[in-house]
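Report on the structure given below.
For the numbers below, each heavy atom of this structure counts, side chains included, while hydrogens, waters and symmetry mates do not. Letters go in sequence order (proteins before strands), and every chain restarts at 1.
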Protein chains: 2
Amino acid sequence: MAGGPAKRRKPKGSQRDISDATLRRFSGYNMKRAFNTVQTDVNRVLAPFGLRMVTFSALVIIVDNPGLRQSQLADALSVERPNLVLIVDDLERRGLISRNPSPKDRRAYALNPTDDGAKLYRAAVAAVGDHDAWITRHLSHAERAALIPVLQRIEAADRAEVPEEKASGRPQTS
Amino acid sequence: MAGGPAKRRKPKGSQRDISDATLRRFSGYNMKRAFNTVQTDVNRVLAPFGLRMVTFSALVIIVDNPGLRQSQLADALSVERPNLVLIVDDLERRGLISRNPSPKDRRAYALNPTDDGAKLYRAAVAAVGDHDAWITRHLSHAERAALIPVLQRIEAADRAEVPEEKASGRPQTS
DNA sequence: TATTGTTATACTCTATAACTATA
DNA sequence: TATAGTTATAGAGTATAACAATA
């Protein structure tokens, strides 16, 4: 009952050494590779709970902000409203949350966790937290502390208004 | 000729403040958000070159490793072989690379860049490099230096064999 | 008019099985 | 039998347009 097989196929001995040194100099490329690996693993951690990374994130936001509307949830997760519908459907079908008519606005639903949802929240958050500690186990204390703020500043820097000159033309950089 | 519109829609003033503090404590969640933002932007930078992030990566690997086989390219990019076919098709159709019959193995193709491919490589690498400097402009020198090695160690740590106990059960972590 | 939730749709990315031709 | 490239396919993730009900 300790979960499914977690093997990875790797024994692909290439005849020549392929260099990706140029790509490795770009943070975007390294972020993509690291995130893809982590997401696959997080989904495996969440599978026993019947959750994926997105449904887990939605459940967490709902438990932490009971009564919020779907458009607020979509906004918090940076997910388009149409795509959120299926995610909320999924959580509701599993009895983890409920859609209640909003008293103030008859167009909107207030999202609330059920008792089962709150219980699953606690177990899933603990499991994901353990996984997070696992994948950062080889980082120093300082690196671990810096990682999340750095990622947040990259996100913020990139979301900021990009002047047209920066977007297409390019400034001198080395 | 300075590229298309780069506006972002953001003026969604939520009525209440929605907290994602729990999610923000997980590096995977922050990696997802940062990477999604960066990828969207990188694709916008590459669009004028007729490239996407994946085709750009493939072109770079081919230019840096001329004569390699498709399976080696797939391996280097961590892309499944079937998915690579369309990527290589794309680059070949644009005249950036050529598929040449391998002299040693009649099943295989040797991938080589064309002159146009090598030229586009230089321009695109410069543009992506500038974008990379742009999104990390608010990081300290130390943070910038640490970012890529940290991402690589997370990827390596997660690719490593995951013991069954770690995968499903969970050790004590605060 | 604008917004909430929704449907429909489409395109990309990722992943697996199975085929062919070679080895 | 195993591998290289390919085809077909399926599932997520992401994005936009448009609609009904309501504001």
Side-chain angles (χ1 to χ4, degrees), chain A residues 5 7-9 11-16 32-33 35-44 46-47 51-58 68-75 77-92 97 99-111, chain B residues 5 7-9 11-15 32-33 35-44 46-47 51-58 67-75 77-92 97 99-111:
Chain A
K7 288 278 105 50
R8 301 256 167 57
R9 40 218 173 328
K12 293 280 284 189
S14 302
Q15 296 141 327
R16 267 191 282 171
K32 181 195 181 108
R33 296 188 63 106
F35 170 64
N36 278 354
T37 306
V38 168
Q39 188 182 41
T40 300
D41 229 40
V42 168
N43 281 331
R44 178 158 50 222
L46 289 172
L51 296 172
R52 291 165 296 147
M53 196 160 174
V54 207
T55 52
F56 167 74
S57 300
L68 85 170
R69 291 179 289 103
Q70 284 189 201
S71 51
Q72 292 177 301
L73 177 58
D75 212 49
L77 293 175
S78 292
V79 167
E80 297 299 322
R81 266 60 84 220
N83 297 327
L84 189 70
V85 175
L86 293 177
I87 296 168
V88 173
D89 281 352
D90 189 2
L91 292 174
E92 191 185 32
I97 67 162
R99 274 193 253 231
N100 310 112
S102 171
K104 340 177 96 168
D105 189 335
R106 291 196 303 174
R107 294 171 301 180
Y109 290 122
L111 303 177
Chain B
K7 288 278 105 47
R8 301 255 167 59
R9 42 219 171 328
K12 292 280 283 187
S14 302
Q15 296 140 326
K32 181 196 182 108
R33 295 187 64 106
F35 170 64
N36 279 355
T37 307
V38 169
Q39 189 181 40
T40 299
D41 228 40
V42 168
N43 281 331
R44 178 158 48 222
L46 289 172
L51 296 172
R52 291 166 296 146
M53 194 161 174
V54 207
T55 52
F56 167 75
S57 299
L68 86 170
R69 289 179 292 103
Q70 285 189 200
S71 51
Q72 291 177 301
L73 177 58
D75 212 48
L77 293 176
S78 291
V79 167
E80 297 298 323
R81 265 62 84 219
N83 297 328
L84 189 69
V85 175
L86 293 179
I87 296 168
V88 174
D89 281 351
D90 189 2
L91 292 174
E92 191 184 33
I97 67 162
R99 274 193 254 231
N100 309 111
S102 171
K104 340 177 94 168
D105 187 336
R106 291 195 304 175
R107 294 172 300 181
Y109 290 122
L111 304 177

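Going from atom CZ of B:R33 over to atom C1' of D:dG13 covers 15 Å, rounded to whole Å. Taking atom CZ on A:F35 and atom C1' on C:dC13, their separation rounds to 12 Å, with Å as the unit. Rounded to whole angstrom, the span from the CG atom of B:L84 across to the P atom of C:dT16 amounts to 16 Å. Rounded to whole Å, atom P of D:dT6 lies 13 Å from atom CG of B:D105. Whole-Å rounding puts the B:K104 NZ to D:dT3 P distance at 18 Å. Rounded to whole Å, the distance from CG on A:D75 to C1' on D:dA15 is 16 Å. Going from atom CZ of B:R99 over to atom C1' of D:dA4 covers 12 Å, rounded to whole Å. Straight-line distance from the CG atom of B:L86 to the C1' atom of D:dT6: 10 Å, rounded to whole Å.
Between C:dA15, D:dT6, C:dA23, one nucleotide has an atom nearer to the side chain of B:N83 than all others, and that is C:dA15. Each of D:dG13, C:dT14, C:dT22 was ranked by its minimum atom distance to the side chain of A:K32; first place goes to C:dT14. When distances run from any side-chain atom of A:E80 to the nucleotides C:dT14, D:dT16, C:dA23, the shortest one goes to D:dT16. If you check D:dG13, C:dG5, D:dT6 against the side chain of A:R52, the one that comes closest is D:dG13.
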Task: Secondary structure string for DNA chain C (Watson-Crick or G-U under 3.5 angstrom, | for other-strand pairs) - done: |||||||||||||||||||||||
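Here the CD atom belonging to A:Q70 is positioned 5.5 Å from the CG atom belonging to A:L111, to the nearest 0.5 angstrom.
At a threshold of 4.0 angstrom between heavy atoms, the contacts of A:V54 are confined to the sugar-phosphate backbone, with no base atom among them. Using a 4.0 Å heavy-atom distance criterion, B:V88 is classed as making no nucleic acid contact.
Here A:S71 reaches the OP1 or OP2 of C:dG5: one of its side-chain N or O atoms lies under 4.0 Å away.
Side chain of A:T40 to main chain of A:N36: a donor-acceptor pair is present (N/O by atom type, distance under 3.5 Å, no hydrogens or angles).
Residue-to-nucleotide proximity on DNA chain C shows that, of A:Q70 and B:Q39, the 5′-proximal contact is made by A:Q70. Of the two residues contacting DNA chain D, namely A:R106 and A:M53, the nearest-nucleotide position lying further toward the 5' end is that of A:M53.
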- [ ] Please step through side chain to side chain donor-acceptor pair (under 3.5 Å) for the pair B:S102 and B:R69, ending with a clear verdict.
- [x] CA-CA 8 Å; B:S102 171; B:R69 289 179 292 103; over 6 Å; no
Task: Verdict with supporting geometry, B:L84 and B:E80, side-chain contact (heavy atoms from CB on, under 4.5 Å) - done: CA-CA 6 Å; B:L84 189 69; B:E80 297 298 323; over 6 Å; no
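Between B:R106 and B:P101 the shortest side-chain heavy-atom distance does not fall below 4.5 Å. Between A:L51 and A:L91 the shortest side-chain heavy-atom distance falls below 4.5 Å.
Side-chain to base pairing of A:R107 with C:dT3: one donor and one acceptor N or O lie within less than 3.5 Å of each other.
B:V85 pairs in a side-chain contact (heavy atoms from CB on, under 4.5 Å) with only one of the listed residues (B:N83, B:I87, B:D89), which is B:D89.
With salt bridges taken as basic N to acidic carboxylate O contacts below 4.0 Å, one links B:R52 and B:D90.
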